[in-house]
Each structure stands twice: as structure tokens, then as C-alpha cells.
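Below: one structure, written as C-alpha cells.
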2 protein chains.
Amino acid sequence: MANEGVEALLVTHLPDVRWLCGFSGSNAALAVTERQAVLFTDGRYTAQAREETRGARVVIAKRSALKEACALLAERVRHAAFDPAHTTVADLGLMRSVVKAKVRRSFFEPLQAPMVSDLRMVKDAGELAAMEGAAKLGCRLFEEIVPHMQSGHTETALAAELEYRARSLGAEGMSFETIVAAGPRSALPHGRATTARLPRNGFVTLDFGVILKGYCSDMTRTVHMGRASREERAAYDAVLEAQQAAVNAVKPGATCGEVDEAARSVLRRTGWARYFTHSTGHGVGLEIHESPRIAARQEMKLEPGMTITIEPGVYLPGRFGIRIEDMVAVTATGHRVLTPVTKDWIEIHSGEGRARAKR
Amino acid sequence: MANEGVEALLVTHLPDVRWLCGFSGSNAALAVTERQAVLFTDGRYTAQAREETRGARVVIAKRSALKEACALLAERVRHAAFDPAHTTVADLGLMRSVVKAKVRRSFFEPLQAPMVSDLRMVKDAGELAAMEGAAKLGCRLFEEIVPHMQSGHTETALAAELEYRARSLGAEGMSFETIVAAGPRSALPHGRATTARLPRNGFVTLDFGVILKGYCSDMTRTVHMGRASREERAAYDAVLEAQQAAVNAVKPGATCGEVDEAARSVLRRTGWARYFTHSTGHGVGLEIHESPRIAARQEMKLEPGMTITIEPGVYLPGRFGIRIEDMVAVTATGHRVLTPVTKDWIEIHSGEGRARAKR
């Protein structure tokens, strides 16, 4: 805060609150001054706040946690910074309503650059262990679910099986709505599971993650049901090569744009670039989407401890799509892939009751 | 819009976008003028946007859906309204950045009262059917899960079983993180499932909901494992009486505050009011928490088509808690309970392998 010239900070984005003081409830405002941090929540969380919170005093607000946090700041400091990316215009109005009219417009100042989310990009050893645990659980789920894939089963049934196993193995929940995109639906980058059925012949994309100790995992694998065409196989090989090139580009000092370009250039060379319609990846941690963005022209440099996804894909509308995604941690010397399950071509022949992996 | 003196409206809150035009993707900005509605999203949603959107032209934005929506509005109208409760300070900056400098501060005006969320409070027949389906599925899940409750099982195992059945029966997902709060944890109003075990003797609160066709259900039942004390039974009877009194108070023209008071006055009379630490309920629909709030002093009047929860509870810290929750639709003449599963006392004696319901 001193570096940024900030006298006090109001934190209301819940993952930021959790990262700073441990409290994981759904209503919280954290007032941070040079000398003290005070967490405001409400009566539903009296016991939980005491149990979880570290490094901050806990106050159970009578009416509004947000307004009481602002009132405390107004008593103690002359200016307080807030995060404009996670503060609504309405909340800013509430925040200002507890400040004396004379300084109402000037008391709260938007942070000029993200502060807590930038700090959160670099994970410490405990966080990395939690994320590695979540990623490994994801890999185990993929290995367990492939033998269950049979043409005719619905996407939702497969998602149900996956999520049940996740929960049974201790996941606190899924880190986002499970994507099972079968046949032509694999061409939808965000094809949440529906009642569509796994095809006799075609791709199925599985994109899912679990939450362990609050931390998210995120991985994607695309498998083929039945015998693939040459074009399908060529597309898969191109995506895999692009994905591996981007993974290989992950190291301290590399820019996010360079990592994106590593994937994109493979797809340009192999002729699939026009079907790669999104960015290459994103940071992941307490939230499923965090900084940094792994996208074209992003100048941010990777640092040890950052944890990102690498997930290029190609999508041919109405026909098929392929995406392959790993979670990758930046290390002091390069990178470590947190999702060690195979990315090799997997072809599933129904009736056999199990998958055959062929290369 | 004409009634509110609004020339154009920018809609960015995703449930509002979905309610207005059907699009359910995760990136959207809807620009509405007197003559036209235009939906902006990105390349990931090309196919989905075409398939889902009704009553709006679809534009796939090259860079930012939000900024392109604002640019269109800036060309066509002199002022556009936005929803301050769902627009961040940072997004307002982005929105303004595409408007000519001369009118930058004045072009976007915050809505003085919620517009789309107020419209969304009253459900039409199709929405009510979706919600009734979701609520019925919830009831079926409760009936199926009770025979699975055995002391020693973990809360997460029970949640896993419940969620697996929900998915298998066609739910698109759970409408919020499933609450299974066992023994002393039942005193936590928001006790998400943990690895704590169902007690030999004590309450277990189940609070959960499913999503069907985009619409949420929400219900709570509290059952007792083993033989209850007189105090526990008295508390249950008081909560049930309070809950029923509030349900009975639901009718067109009643204020939300009156419904809250109906529950609260029963708990005052029976001596439990000090342990009822939250409000009585909330609207539910595309979102799990919507307007109106069913809380003390809320003057809003109920109207036919509104769908709300009625969920009083009592919580004795460190000892036990009880909550009973139904979803209730306001009808032309009164109300209809959408969660018809029993609220009678249920006592589970482990080892018998099934629940006995006693009154």
C-alpha cells in the first residue's frame, strides 16, 4: 500500500478477502489501514468468521457490513482506495453515503492498477500444493470417466458421473459448470452438458475442474468416439502441437503474448488458425479466471509461482471442435505441468466397454 | 422505458440479458433503443447466440462486446440508462471511453429504480412451469435422499449423492452450493457440506436447489437423527408454525414486511425470536436470490406471478439449528406452494436403513 501511495484499502471482492484474511463467507468487507485490518460480516457468519479469519479483527455488522467498514475508514484516514473492477456504481454510492458531505466525492479513490489480484497471481507453496491436489484429482477423474463413455449416453449423465466421483473424492465442488460437448456440439467452445447424446462417430470435449481447499483446477481433453477421419486426426495433431508449443514457451520472463503466439503460430503454419477463436489461457487460483490473460499482445511477463491454463482449440461450426488444456505453474527455471494425464489421441470404440488409446 | 423517461437502455447483467432475449452465454451486452434491441457477444458464442436469441439482432464483437454496444448507443441516442447495481466502476469507465469527450460524463445515466429486475419479479406461465418443474425435482430428491441418511456418513457424501441424483434426473446444475449441516453445524445458517459426519443424535439441515431450463429451485428441510429432546421438538414445532403462518400470509396486496412479520410473531410468542437471525425469504427465478426481499419493514406489495421462498429458522450457536423452506408462488387469489413434500417431523433411526416419519 505504501508503494502505491495508498493510505487505506477497502476490499470487497470475496476471493480477495479470502486470500488476505482467510474468511470465506458470502458477505464481507475488509478495511485495511497501515496499522490494522478489520473484517466486517453479518450475523450468519459469527462462528465461521471467528474460526477462519487470520490477521484481522472481526466485526459482526448490525446492518450493512459494507457501510460499517466505510464508516470505520472515514474515522481513521483521509482517503481510502477501492477496486473499481469489483465495486458497482451502486455500492460506490452506498460507500460515499457514510462519509461527510464535504469530502464525499474525494474520499474513495479507485486503485490505478489492480493490487490484490496482482498479488494473488503469484502463488506460495501452500497455494501451489492445493492447486496441484485439485489438478491431480481432475486427472484421476478423467482417467476414471473415459471407460464410462459410450455412444448413446447423454452429456448430462456423463457430467453427473464425473461430478459424483469428484464429490466422493473430496472436492468441495466443481470450479465451473462442467462442459461435455459431444459430436457437432464440440464446435461450441463453451458447450455445457445438455441432453445431447455421445455420438457413434465424433469428438467429445470434456472441460471441467474441481475445488479443493478453495482452489480451482481446470483441464480439457478431447477424445474421439469411433473411427476418425483424416481431417479430424490432422486437426487434433495440430491442436496438440500448438498446445505443447505454448506449454514449452512458459518460463519466467516470457510475456503472455509470446506464449499465446507459440500456440497460434503452429496453427497458422498448419492451416487451422482461423478456427482458433479465443485466447490461449488464463490465470487460475481461488477463482477459475484470474490474471494474467494469456492472449495476443499481452505484455505482462510471467513470474515463478504464477499458475495458468494453456488451452488452444479449433472449432469448425456445425462439424467438430477440439481443445486440449493443461494447468501449468511457472517455476524458477521454466514450468511444471500440473495435469500430467495423457494428451495422446484416444479413440473409443463403443461396445468394448472401455477405451482404447491409440497413437 | 418510455414510462421511466429512458431513451435507451444498456443491459449487461447476464440474467437480465437472458430474460430479455434468451441468450445464456457468459459475455453479453444488450443495447435497447425504442426501435431495436442489439445483442453483442464474442466469437465463442457465434452459434449459440444465433440459436438462442429472440427479438434482438446479434452482433459478434471483434474486441469488446461492452464497448461495441456503447458505441452503437452513442451513435443512435443522446442518453442511455444503465443498471448501477450491476455495473462496476471500471466498466462505467470503459463505457464512457467510447463516447465523445464533450458528453462523456452525462451520456450514461444510472437507472433511478431497478427496471429489468422489477419486471423479472413477476413470472409468466412458462417461467412458472419451469420453476414448478425445478421445485418438484427438488422434492423428489429430498424423498429419495432421506432413506440414505445414516449417522457416520459425511455431509459431503450425502451432498454427492443428492447432486448425482439431481444431474441424473436432468438438472442443469445445482442452483447454489448444497448445504448439509449436521449436528451442531445445523446452527450455521450457511453450513455448506463438509467432511463432518451425520450425528447419532441431532438435527441435519438440507438446503439445496436445482436448475431446470435456467430456473432455480430452493428448499430446506431439517430432520432429526435419533431421539430428540423436548426442547428440540419444541423448537421444530415453533419453526414449522412460523413457516406455515408466513406461507398463509402470502397473497396479492400483502406487503413483504407483513409476510416476514407473520413468521416472526409466531417465534416471538413461542420464545424463539432471538434465534431467528435472518430474513424470512427472497424472490427466486433465473437467479437464486432475486427481488423482492421478504424482510422486516419491506413495503413492497406482492403481486400474482411473484415467486418467493419462505424460510424462517432458529439457530442456537454450538447446539442446534432448524430451518424449513418452501417455494411459494403468488396467485390471483392467494398462493400456491411449489414444494409439496412433507414438512412433518422426521426422525431417522440409523440401522433401520430407512426413515420413520412420526408426528
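Being a predicted model, the structure only gives us computed values, none of them experimental. Here is the naming used below: chain letters follow the sequence lines, and residue numbers restart at 1 for every chain. Note: hydrogens, waters and symmetry copies are ignored here, and every other heavy atom, side chains too, is used.
- Considering OG1 of A:Thr156 and CG of B:Leu169, their distance stands at 10.0 Å, rounded to 0.5 Å.
- Within residues 171-185 of chain A, the residues having any heavy atom closer than 4.5 Å to a heavy atom of chain B are A:Glu172, A:Glu177, A:Thr178, listed by residue number.
- Under 3.5 Å, the side chains of A:Ser26 and B:Arg192 contain no donor-acceptor pair of N or O atoms.
- For B:Thr277, no part lies near chain A; criterion is any non-hydrogen pair under 4.5 Å.
- Of all non-hydrogen atoms in A:Ala47 and B:Leu188, the two that sit nearest each other are CB-CD2, 3.9 Å.
- Nearest heavy atom pair, residue B:Arg167 against residue A:Ala160, reads CB-CB, 3.1 Å.
- For a residue to count as touching a neighbouring chain, one of its non-hydrogen atoms must lie under 4.5 Å from one of that chain's; by this rule A:Tyr315 does not touch chain B.
- Here the shortest heavy-atom pairing between B:Leu92 and A:Val89 reads CD2-CG2, 3.9 Å.
- A:His190 and B:Arg44 share a side-chain donor-acceptor pair at under 3.5 Å.
- Contact annotation for A:Thr195: neither backbone nor side-chain heavy atoms come within less than 4.5 Å of a heavy atom of chain B.
- Comparing A:Ala187, A:Ala85, A:Ala193, A:Gly191 by how many heavy-atom pairs each has under 4.5 Å with chain B, the most go to A:Ala85.
- Using a 4.5 Å cut-off between heavy atoms, A:Ser279 makes no contact with chain B at all.
- The local environment of CZ in A:Arg50 is sparse, with at most 12 non-hydrogen atoms from other residues, nucleotides or ligands closer than 6.0 Å.
- Counting heavy atoms of neighbouring residues, nucleotides and ligands inside a 6.0 Å radius, atom CD of A:Glu51 does not exceed 12 of them.
- Contact of A:Arg165 with chain B is not made at all, since no heavy-atom distance falls under 4.5 Å.
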